[in-house]
Amino acid sequence: MTETEVEKLKLMIVDDELDNLDLLYRTFRRDFQVFKANHALSALEILEKEGEMAVIISDQRMPEMNGTEFLSRTVERFPDTIRILLTGFTDVEDLVDAINSGQVFKYITKPWNPERLKVLVEQATETYRLVKQRTQELRRSLRRESLFNEVTTAIRESLDYGNMLQKIVATIGQTFDATCCLLIPVEGDRLTSDKFSYQDEKSSALSCAFDDSLFEKVVETRHYQLNQDTFDGYPCNHLVVPLTYQQQLLAVLALYQYGRDDLWPDEDIKLITGVADQAALALFQAKLYQRLQEKQEQIRAELEVARQIQNNLLRQSLPDIKGAKLQACCYPAREVGGDFFEVFVHPKGDLWLAVGDVSGKGVPAALFMASAISVLRRELSQETPAEPHVIIKNLNHALCNDLISNNCFITLVLACYTPTTGELVYANAGHIYPLLWSRQAASTQQPNYLKVRGIPLGILPTWQAQSGKLLLASGDTLLLASDGITEATVSNELLKCGKIDGNFSAVSHSMLNQEGLWQLLQMEPPPLSLNHLLARIQANNQVQEDDQTILSLEVL
């Protein structure tokens with residue numbers, strides 16, 4: 001059989017009259033592979049052996065089995081075959097039944113017109129080709145969609161980047177009956193040492209021999225490579241495909257078939273490259289997610305170090321002052337924050353107190369906070385420190401340029417207390433008012449807010465304001481807090497009775513403000529505990545919105 005004959009479509013003619021059979025054979029033998037049968041049972045045997053026919057032309061009236069019954073037996077197994085019925089009588093019921101049931105494409109009466117029959121067969125073959133084309137396209141689409149779904153499912157079920165690569169290589173290897181399948185990630189246009197592989201359970205490790213040169217060609221050309229060689233006398237097929245996304249080579253996928261003569265068909269290669277594109281997109285996203293996680297972990301570790309450093313910048317232990325009690329708490333809203341406090345005992349005996357708040361949160365605020373503490377301690381360490389308002393002026397001069405260029409500012413209250421005289425000198429740079437109160441007169445006394453105040457640091461190149469002065473008596477308590485305390489949201493029940501009854505979400509809430517802080521202070525049992533006070537405030541806040549810092553000086 002010649003190559004031309006192999007490419008011809010198959011046509012079967014079935015007729016119990018040998019003259020008709022020979023005539024039909026001579027009519028179509030040049031254009032088709034023609035198979036003859038003189039009765040229906042013989043035709044069924046030929047179909048069993050030769051498989052699907054493009055066209056079947058059958059006589060209606062035949063012994064043992066008529067044409068309609070014969071054609072009906074071929075419908076289920078060969079649905080794409082086009083059937084033509086020859087009839088020498090006018091049996092309307094049989095014809096209508098045959099056509100309506102989908103068994104017959106056309107019917108033609110005997111004696112037939114040869115030209116008309118040729119035209120009819122041409123129409124039948126065109127219909128057959130169209131049906132086969134559509135069927136193959138549909139089959140390819142379904143196969144492609146099925147494989148895409150399998151790969152997508154494998155990707156979704158993956159726990160991490162490495163697990164995803166392993167599932168992709170296993171899914172593709174199983175789908176295309178590969179002896180072995182190998183996937184190697186690429187970094188910077190170079191193959192990495194990581195390898196993810198799949199091997200058919202029926203094959204041995206010795207039968208998996210990848211051609212390394214094909215990997216290098218794919219990395220260089222970004223196009224798939226197809227090759228066939230022999231191993232131990234058996235043919236071996238190699239297909240290496242790049243996984244690229246946005247012109248970035250992410251990995252190289254290799255399929256290896258041992259002992260098969262035929263290379264992968266073009267349809268399979270197109271399907272594999274299509275899946276590779278889909279897998280490349282998933283790999284890109286997974287890689288991006290993995291790098292993001294690694295970056296987040298790195299940032300988390302660095303923030304933990306920064307938190308520890310910032311915590312160490314604050315006083316870890318407060319000094320013992322004769323005749324006075326000091327307390328301080330500082331809780332950042334994030335790992336690091338912009339709030340800070342300072343307690344400094346000068347060698348000459350003066351006690352310096354400060355609470356500051358850098359605008360913003362997080363790392364930028366923490367950096368300015370560290371700078372502010374550094375400059376402040378330098379000023380306080382002088383042999384004779386200046387008055388509080390002069391020190392704040394010097395702070396503004398040292399930090400102003402950096403604060404303005406970064407759209408930041410710092411609020412700060414700085415106070416100097418002399419234990420021997422009870423004198424308190426303070427300056428305020430835009431911070432909330434310090435609160436002075438006495439427990440002996442708490443039931444009748446109104447809150448005393450120290451209201452001498454200037455603008456925050458970093459607003460103007462030169463800071464100008466005066467210091468405030470007053471005397472502290474026995475039983476007086478000076479309270480310095482940040483706005484994270486006074487702007488916290490608390491329940492109205494807490495301000496009324498000092499406790500919350502019932503569901504937290506069912507009661508009304510409002511901002512604490514300085515008046516609310518004063519009310520809570522009056523409800524605090526002696527001795528004053530800042531930790532207890534903060535615990536009550538924070539219990540009303542599901543999320544801490546701002547850094548919270550508070551410092552107290554109680555004259556005993």
Side-chain angles (χ1 to χ4, degrees), residues 306 309-315 319 326 328 330 332 336-348 350-418 423-434 450-469 478-484 546-547 549-551 553:
I309 292 173
Q310 185 181 41
N311 188 57
N312 292 338
L313 282 175
L314 303 177
R315 296 296 181 186
L326 288 168
C330 184
V336 292
D339 275 15
F340 63 93
F341 70 86
E342 175 64 4
V343 177
F344 182 83
V345 180
H346 194 271
K348 293 184 177 181
D350 290 342
L351 174 65
W352 290 83
L353 307 174
V355 169
D357 183 4
V358 182
S359 62
K361 303 179 185 67
V363 174
L367 293 175
F368 280 115
M369 166 263 189
S371 297
I373 287 183
S374 176
V375 177
L376 177 61
R377 287 177 178 172
R378 183 190 68 194
E379 292 290 328
L380 297 180
S381 299
Q382 301 296 322
E383 183 178 352
T384 303
E387 288 197 13
H389 72 280
V390 176
I391 292 177
I392 291 181
K393 181 179 179 180
N394 294 340
L395 275 173
N396 185 76
H397 178 74
L399 302 174
C400 184
N401 290 336
D402 289 335
L403 289 170
I404 291 176
S405 62
N406 288 278
N407 294 319
C408 291
F409 61 86
I410 299 175
T411 65
L412 173 70
V413 59
L414 176 65
C416 177
Y417 173 66
T418 304
E423 183 183 46
L424 180 76
V425 182
Y426 71 93
N428 191 333
H431 205 76
I432 63 173
Y433 296 135
L450 308 185
K451 296 187 175 182
V452 176
R453 184 165 65 177
I455 63 174
L457 307 182
I459 302 298
L460 295 175
T462 301
W463 188 87
Q464 290 184 346
Q466 294 300 316
S467 296
K469 295 182 180 181
L478 175 68
L479 199 68
L480 309 179
S482 68
D483 58 6
D546 198 2
D547 304 331
T549 302
I550 191 168
L551 184 150
L553 168 65

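In this text the structure is predicted, and so the values were computed from the model without any measurement. Note that the numbering runs from 1 along the sequence shown for the chain.
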Minimum heavy-atom separation for [X] and [Y], please, with both atom names.
{"X": "S482", "Y": "V355", "value": "N-CG1, 4.3 Å"}
{"X": "P434", "Y": "L478", "value": "CB-CD1, 4.1 Å"}
{"X": "H346", "Y": "Q382", "value": "NE2-O, 2.7 Å"}
{"X": "K348", "Y": "T384", "value": "NZ-OG1, 3.0 Å"}

Exam field: side chain H431 to backbone L414, donor-acceptor pair closer than 3.5 Å: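 Here the side-chain-to-backbone pair does not exist.
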Side-chain (S467) to main-chain (H389) donor-acceptor, under 3.5 angstrom: yes
Answer yes or no: is there a side-chain heavy-atom contact under 4.5 Å between [X] and [Y]?
{"X": "T549", "Y": "F340", "result": "no"}
{"X": "N428", "Y": "L450", "result": "no"}
{"X": "F341", "Y": "L480", "result": "no"}
{"X": "L553", "Y": "L351", "result": "yes"}

Determine all donor-acceptor pairs shorter than 3.5 Å in which one atom belongs to a side chain in residues 368-380; sequence neighbours excluded.
from : atom 1 : to   : atom 2 : distance (Å)
S371 : OG     : L367 : O      : 3.2
R377 : NE     : E342 : OE1    : 3.2
R377 : NE     : E342 : OE2    : 3.3
R377 : NH1    : L313 : O      : 3.3
R377 : NH2    : L313 : O      : 2.3
R377 : NH2    : E342 : OE1    : 3.1
E379 : OE1    : N394 : ND2    : 3.2

From [X] atom [atom1] to [Y] atom [atom2], the distance as rounded to the nearest 0.5 Å:
{"X": "L395", "Y": "C400", "atom1": "CG", "atom2": "SG", "value": "11.5 Å"}
{"X": "E387", "Y": "K393", "atom1": "CD", "atom2": "NZ", "value": "12.5 Å"}
{"X": "N401", "Y": "N396", "atom1": "CG", "atom2": "CG", "value": "9.5 Å"}

How would you list, by chain and number, every residue that makes a side-chain contact (heavy atoms from CB on, under 4.5 Å) with [X], sequence neighbours excluded?
{"X": "N312", "result": "Q308, Q316"}
{"X": "A415", "result": "L424, Y426"}
{"X": "T418", "result": "D350, T420, T421"}

When the side chains of residues 356-365 are checked against the rest of the protein, which donor-acceptor pairs come out under 3.5 Å, sequence neighbours left out?
from : atom 1 : to   : atom 2 : distance (Å)
S359 : OG     : F409 : N      : 3.1
S359 : OG     : F409 : O      : 3.4

Report all side-chain donor-acceptor pairs from residues 455-464 shorter than 3.5 Å, counting only partners two or more places apart or in another chain.
from : atom 1 : to   : atom 2 : distance (Å)
W463 : NE1    : I455 : O      : 2.5

